[in-house]
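The sequence lines fix the lettering, A, B, ..., with proteins before strands; numbering per chain opens at 1.
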2 protein chains.
Amino acid sequence: MDDESAPRKGTVTQRAVERIKAMIGEGRLEPGQRLPTERDLATQLGISRSSVREAIRALTVMGLLEARHGSGIYVTRLEAGDLLESFGVVADLSRGPQLVELLEIRRVLESTATALAAARITSDQLAEVEKHLAAMNATDDPEEVLAHDLAFHREIAVAAGNETMAAILEGLSSRTFRARVWRGYREEGAFARTRREHAAIHRALAARDPEAARAAAAAHVGEVEEWLRAQLGP
Amino acid sequence: MDDESAPRKGTVTQRAVERIKAMIGEGRLEPGQRLPTERDLATQLGISRSSVREAIRALTVMGLLEARHGSGIYVTRLEAGDLLESFGVVADLSRGPQLVELLEIRRVLESTATALAAARITSDQLAEVEKHLAAMNATDDPEEVLAHDLAFHREIAVAAGNETMAAILEGLSSRTFRARVWRGYREEGAFARTRREHAAIHRALAARDPEAARAAAAAHVGEVEEWLRAQLGP
DNA sequence: CGAGCGGGGTGGTCGGACCACTACGGGTCG
DNA sequence: CGACCCGTAGTGGTCCGACCACCCCGCTCG
C-alpha cells in the first residue's frame, strides 16, 4: 500500500534515487536539512535498507547528499563545488587525445575567467594572487610549486565571480591530472617559461586589462596543450 | 591476511572504490572488459558483498562501470559521454544565480564550439544541421521544437571535433534544464527571434566563417542569459 | 559550574537467503 | 541439416536481521 503509485520502470534502487532527487529538486528537501533515518526511509519508500543505502550512495557521489557516520544524512549546500566534486575523475582517467580535449576546454574557460578577473578582482584578492606567485618562485620543490600554481589559478577563477566556472576549472586542474601531464613538461626547461607566463598573467590583472589577461591565460594553457599534442603525434 | 597492505583511512566501501578506480586508471582493467562477479570481488577485496555493491554503485554513477543484470559488470568505454553523463544533474538542480552562471559557461563553450565547427564541419554534417533547422521551423509543437533545437546544437558541437566539449554542452542543455528556463522565455515572443538567431548560426556555418559563427552563437545564448538575469534582478 | 562518562540512536559492515534476468547449450522439430 | 525453443546455470538485484563504530546529548560526579 504505497502512498504514491509506484512507477514500474527500472530497478527499485533507481526509483528511490529518482524520488529523492525529485524531492530535492522540488524544494521539499532544503540544503543542509537532515533526512530521515535509513531505516525510516526504507519503510517510507517501501524498500529494504540495502536498497536505500545504495540510493544514498549514488546521491552522495552526485554531490547531493552527505552521510555523517553516527549523525545522519544531510542535503549538501547544493553549490557548484558540491555538485562538481566528482568532475575531477574525468581529468584523472582521461588519456591521450582526451587529455588534449580537456586542455582545450580549460584554455577556453581559463582565459575567460582570467579576463573576467582582470575586470573584477579586488585588491585583497590580487594580493593573494601575488602571494602565491611569490611563493611559487621562491622554492624549487616541485610539490610546493604545483600547490601554489593551483592556488594561483584558483584564486583568479574565484575572482572572476562565477563559482560554477571556478569549480569546473578546479576539476580540470586536479592534483593528479596536472602532476601526470607536467611530470614530463617541466623537465624540458619549461620552468622558466611558466614563470614568465604567470608573471604576464599577474601583470594583466594588476593593470585591470581583460584583453591582455585573456591572451596571457590562453597562451599559458596553450603552451602545455601544444606540448601534449606534440607528444601524442608521432 | 590481505594481498596488499590495506590503507586504514576511510570506510571499507570507499577503499574499494579507490582500488577499483586505480585498477582502471593503471590500465589493469580495459574499457569494455568484464569484472569478476560481485561475490568473487567480495572475496578478493576481503569485504562483504554489500560493500562491493555500494562501491560498484558509486563507480556506476561516476560513469566508470556499467552493470548488466544477469550478465555481469563491465568497464565503460571511458569516453567523455560516459564520464559526464551525471553532469546533467547540476543543470537540473541549479537555481537562481547558479542558472545564470551555467548559461555564462554555456555561452563561452557554445560560441567556441560553433566557431570550431564553422572551420571543420563536413557537408554531411551541415546537411544534418539544416535538417533540424528546417524541422524546427516546420512545427509549432513546443516539444518537437525543443527536441530539434537540442539536436541542432548537438550536431554543431560534434562537428567541432571535441567530444568532451560536446558532452559537457549536452549536459548543459539537458531536456529538463532547457524546458525549465524556456517555458517563460518562449512566451515573450522570443520564438521568432530564436529562429533568426538559428538562421544566423547556420549562415555562418555554411559560409565557413568562424568569427561570424562565434558571434552568432554567443548572441544566441546571451539573449537567454540576459533574459534570465533580468528575471532574477528585481 | 565544569569535565567526564555513559547510553541511545545513527550510519557502516557483514552474511546469507531468495528473486529476476541473461546467456548458453542441448534437444527438438521442420 | 538448420533454425528454433526451452531449460538451466550463473549473474546482478533485493531483502532481512544482526552486529559494529561512531556521534551526540544528557546525566552524573567532583
Q: Quick one: which residue pairs count as a salt bridge (Lys or Arg N to Asp or Glu O under 4.0 Å) with a foot in residues 58-67 of chain A, not counting sequence neighbours?
A: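 Qualifying pairs: A:E66-A:R68.
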
Q: Would you kindly give the OH-to-P distance between B:Y74 and C:dA23, to the nearest whole Å?
A: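 One finds 7 Å between P of C:dA23 and OH of B:Y74, rounded.
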
Q: For a 4.0 angstrom threshold against heavy atoms of chain A, report the outermost contacting nucleotides of DNA chain D in 5' to 3' order.
A: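 Taking any atom under 4.0 Å from a heavy atom of chain A, the span is D:dG13 to D:dC23.
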
Q: What nucleic acid atoms does A:T11 come within less than 4.0 Å of, heavy atoms only: base, sugar-phosphate, or nothing?
A: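 It contacts sugar-phosphate atoms only.
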
Q: If the condition is side-chain contact (heavy atoms from CB on, under 4.5 Å), which residues does A:P36 pass it with, not counting sequence neighbours?
A: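 Per chain and number, A:P36 pairs via side-chain contact (heavy atoms from CB on, under 4.5 Å) with A:D40, A:L41, A:Q44.
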
Q: What residues form a side-chain hydrogen bond (donor to acceptor under 3.5 Å, both in side chains) with B:T122, not counting sequence neighbours?
A: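 For B:T122, the residues satisfying side-chain hydrogen bond (donor to acceptor under 3.5 Å, both in side chains) (neighbours in sequence not counted) are B:Q125.
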
Q: Measure the distance from CZ on A:R49 to P on C:dT13 and round it to the nearest whole Å.
A: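 My rounded result for the distance is 11 Å.
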
Q: Using 4.0 Å as the upper bound for N to carboxylate O, is an ion pair formed by A:K131 and A:E128?
A: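 Here A:E128 pairs with A:K131 in a salt bridge, since their nearest N and O are under 4.0 Å apart.
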
Q: Just jot down the ring pair (Phe, Tyr, Trp, His ring centres under 6.0 Å) partners of A:F177, sequence neighbours excluded, or say none.
A: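 Scan of A:F177 (ring pair (Phe, Tyr, Trp, His ring centres under 6.0 Å), adjacent residues dropped) gives none.
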
Q: List every contact pair, protein side and nucleotides 8-10 of chain C side both N or O, where the distance is under 3.5 Å.
A:
unit_1, atom_1, unit_2, atom_2, d
C:dG9, N2, A:G70, O, 3.2
C:dT10, OP1, A:T37, OG1, 3.2

Q: How would you label the contact of B:I47 with the nucleic acid (heavy atoms, under 4.0 Å): base, sugar-phosphate, or nothing?
A: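 Sugar-phosphate contact only - B:I47 comes under 4.0 Å of backbone atoms but never of a base.
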
Q: Once salt bridge (Lys or Arg N to Asp or Glu O under 4.0 Å) is applied, what residue pairs with a partner in residues 155-170 of chain B remain, sequence neighbours excluded?
A: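 Applying salt bridge (Lys or Arg N to Asp or Glu O under 4.0 Å) to every pair that reaches into residues 155-170 of chain B, excluding sequence neighbours, yields B:R154-B:E170.
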
Q: In whole Å, what is the span from the CD atom of A:Q14 to the C1' atom of C:dA20?
A: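 So the CD-C1' distance, A:Q14 to C:dA20, works out to 17 Å.
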
Q: Just grab all the salt bridge (Lys or Arg N to Asp or Glu O under 4.0 Å) pairs involving residues 81-95 of chain A, residues at least two apart or on different chains.
A: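 Only A:R77-A:D82 qualify under salt bridge (Lys or Arg N to Asp or Glu O under 4.0 Å).
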
Q: Tell me the interatomic distance from B:R53, atom CZ, to C:dG15, atom C1', rounded to whole angstroms.
A: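 The distance from CZ of B:R53 to C1' of C:dG15 comes to 15 Å, rounded to the nearest Å.
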
Q: Give a yes/no on whether any side-chain N or O of B:T13 is located under 4.0 angstrom from OP1 or OP2 of C:dT13.
A: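 Yes, such a contact exists.
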
Q: Report the residues that fulfil salt bridge (Lys or Arg N to Asp or Glu O under 4.0 Å) with A:E54, sequence neighbours left out, ordered by chain and then residue number.
A: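 For A:E54 the salt bridge (Lys or Arg N to Asp or Glu O under 4.0 Å) partners, ignoring immediate neighbours, are B:R53, B:R57.
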
